[in-house]
Protein chains: 2
Amino acid sequence: MIRMSKLADYGVVIMATMARERQPLDATVNARDLSEKAHIPLPTVGKILKALCRGGLLVSHRGPRGGYALARLASEITVLDIISILDGPVGLTDCTVAPLGACEMEATCPVRSPWHMINRRVLDALRGLTLHEMIDSTNILDKRP
Amino acid sequence: MIRMSKLADYGVVIMATMARERQPLDATVNARDLSEKAHIPLPTVGKILKALCRGGLLVSHRGPRGGYALARLASEITVLDIISILDGPVGLTDCTVAPLGACEMEATCPVRSPWHMINRRVLDALRGLTLHEMIDSTNILDKRP
DNA sequence: TTATATAGAACAAATTCAGTCCTATTGCTG
DNA sequence: CAGCAATAGGACTGAATTTGTTCTATATAA
């Protein structure tokens, strides 16, 4: 159904929530607080935060008063970054993600190249939106046609 | 993973194959031939053809020498049409498809409106490609940046 | 009347996903 | 230094979705 996983959906919400707190880059938020703010169960939040950390979007700090913080500015994190980490490579069809030669129909497939074009547009749409734009309530995104 | 179902993927291939035959609108192709041309198992092709027929994209003809034909010109059938019929409403997140008020976070959700914008772009990309453009090997789609 | 082809529903198997839990590790703090 | 707080990473289970098949009924051409 061309739907992304709930994990990725949650991930975007969590990242947006962190960014919206407008904390300095080095200020950390722990999983428990995020769970409450985003209304997502704590174990799930933890799982997502760990993945985002491994993916390089967050930095973590262990121990008491530990937590997570954005690894870079909200304006330099895109929706595509988040989804790719949590869901793997984004692609509408297998053949847009699989390595060249993986599909035996490749040479004669009537839809291969059109799919690549559509896929590129989808990627652009996801890459074109940063966390910063997402939380900036004064942005003009919604007014665009 | 933001991937559409195989059924929808097959559906697009099948429709493109039918359109590529460049047969007149009333000429029918049966499921068996399509199965061979598209390299998809016959039962699966049958299932997809039935669904596309119910969805109004194909017309069927029973009995010996029966089969299926496009219900309208290839230039008037979009990729979005095909996917919607086989996979249901297209939407990256549940909240872009669910009726208003279905999500309790709706009022305060930090990502709701950005998602709607991204979703609109994805829909546009899918709606912007017709079956005719897809099979027209001389089209300029691939050359676009 | 018979063979061919689709209609539609029901079904079984397989894959994927969501969510939880457990143990290890790190680092603050008294 | 001892104990607590917090993340790291993996394993595991249950559920939901998806895939692909099969079976019976119906229509139609020869």
Side-chain angles (χ1 to χ4, degrees), chain A residues 1-14 18 26-36 38-71 83 85-89 91 93-94 97, chain B residues 1-11 13-14 18 26-36 38-71 83 85-89 91-94 97:
Chain A
M1 42 176 127
I2 309 200
R3 193 102 5 127
M4 59 182 189
S5 75
K6 277 194 179 176
L7 243 49
D9 192 355
Y10 290 164
V12 174
V13 172
I14 288 172
M18 289 188 69
D26 58 337
T28 61
V29 189
N30 68 25
R32 181 179 312 276
D33 288 350
L34 276 172
S35 163
E36 287 167 10
H39 298 88
I40 300 171
L42 179 55
T44 302
V45 169
K47 182 179 186 176
I48 292 169
L49 287 171
K50 287 171 203 168
L52 291 172
C53 197
R54 247 170 307 183
L57 257 38
L58 297 177
V59 291
S60 66
H61 200 65
R62 295 191 184 185
R65 316 279 310 158
Y68 298 87
L70 297 185
I83 297 178
I85 289 172
L86 295 171
D87 269 0
T93 63
D94 284 340
V97 173
Chain B
M1 40 177 130
I2 309 203
R3 193 107 356 136
M4 60 180 189
S5 75
K6 278 193 179 176
L7 242 50
D9 193 354
Y10 290 164
V13 172
I14 289 172
M18 289 188 69
D26 58 338
T28 62
V29 189
N30 68 26
R32 180 179 313 274
D33 288 350
L34 276 172
S35 164
E36 286 166 12
H39 298 88
I40 301 171
L42 178 56
T44 302
V45 169
K47 182 179 184 175
I48 292 170
L49 287 170
K50 287 170 202 168
L52 291 171
C53 197
R54 248 170 307 189
L57 255 40
L58 298 176
V59 290
S60 66
H61 199 65
R62 294 192 185 184
R65 317 280 309 158
Y68 298 87
L70 297 186
I83 298 178
I85 288 172
L86 294 171
D87 269 0
L92 253 34
T93 64
D94 284 340
V97 173

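Computed from a predicted structure; not experimentally measured. Letters go in sequence order (proteins before strands), and every chain restarts at 1.
Remark: P of D:dG20 and CD1 of B:I48 are 8 Å apart, rounded to the nearest angstrom. Rounding to whole angstrom units, CG of residue B:L42 and C1' of C:dT6 are separated by 11 Å. The distance between atom CD1 of A:I40 and atom P of C:dT20, rounded to the nearest whole Å, is 12 Å. Look at NZ on A:K50: it is 12 Å from C1' on C:dT25, rounded to the nearest Å. The CG atom of B:L58 sits 16 Å away from the C1' atom of C:dG8 (whole-angstrom rounding). In this structure, the CG atom of B:D87 is 7 Å from the P atom of D:dT19, given to the nearest Å. What separates NZ of B:K47 from P of D:dT18 is a distance of 11 Å, to the nearest Å. C:dT6 atom C1' lies 13 Å from atom CG of B:L34, rounded to whole Å.
Among all heavy-atom pairs drawn from A:S35 and A:P41, the shortest one is OG-C, 3.8 Å. For B:A8 against B:D87, the heavy-atom pair with the smallest separation is CB-OD2, 3.3 Å. Residues A:M18 and A:L34 approach most closely at CG-CD2, 3.6 Å, considering heavy atoms.
For D:dT21, one of the phosphate oxygens OP1 or OP2 lies less than 4.0 angstrom from a side-chain nitrogen or oxygen of B:T44. Note on B:Y10: every side-chain N or O is 4.0 Å or more away from OP1 and OP2 of D:dT18. Between B:S5 and the phosphate of D:dT17, there is no side-chain N or O to OP1/OP2 separation shorter than 4.0 Å.
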Working for side chain to side chain contact (heavy atoms under 4.5 Å, CB included), residues B:L86 and B:M4: CA-CA 10 Å; B:L86 294 171; B:M4 60 180 189; over 6 Å; no
Exercise. Does the pair A:T44 and A:K6 meet the rule for a side chain to side chain contact (heavy atoms under 4.5 Å, CB included), with working shown?
Worked result: CA-CA 10 Å; A:T44 302; A:K6 277 194 179 176; over 6 Å; no
Protein and nucleotides 24-30 of chain D: nitrogen or oxygen contacts under 3.5 angstrom:
unit_1: D:dT26; atom_1: O2; unit_2: B:R62; atom_2: NH1; d: 2.9
unit_1: D:dA27; atom_1: O4'; unit_2: B:R62; atom_2: NH1; d: 2.9
unit_1: D:dA29; atom_1: OP1; unit_2: B:H61; atom_2: NE2; d: 3.4

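Both A:M4 and B:Y68 lie close to DNA chain C; mapped to their nearest nucleotides by heavy-atom distance, the more 5′-ward contact belongs to B:Y68. With DNA chain D read from its 5' end, the first of the two nearest nucleotides for A:C53 and B:P43 is the one closest to A:C53.
Heavy atoms of B:G46 sit nowhere under 4.0 angstrom from any nucleic acid atom. Contacts of B:L49 with the nucleic acid, taken as non-hydrogen atoms under 4.0 Å apart, are absent. Nucleic acid contact class of B:R32 (heavy atoms, under 4.0 Å, all strands): none. Backbone-only engagement by A:K6 is indicated by non-hydrogen atom pairs under 4.0 Å involving sugar-phosphate atoms exclusively.
Side chains of B:R3 and A:V97 form a contact here, defined as non-hydrogen atoms less than 4.5 Å apart. Under the 4.5 Å side-chain criterion, counting only non-hydrogen atoms from C-beta, B:H39 is not in contact with B:V13.
Nearest to the side-chain atoms of A:R54 among the listed nucleotides D:dG9, D:dT19, D:dT7 stands D:dG9. Distances were taken from every side-chain heavy atom of A:N30 (C-beta onward) to each of D:dT21, D:dT7, C:dT20; the shortest belongs to D:dT7.
Just one of A:V29, A:L49, A:L57 meets the side-chain contact (heavy atoms from CB on, under 4.5 Å) condition when paired with A:Y68; it is A:L49.
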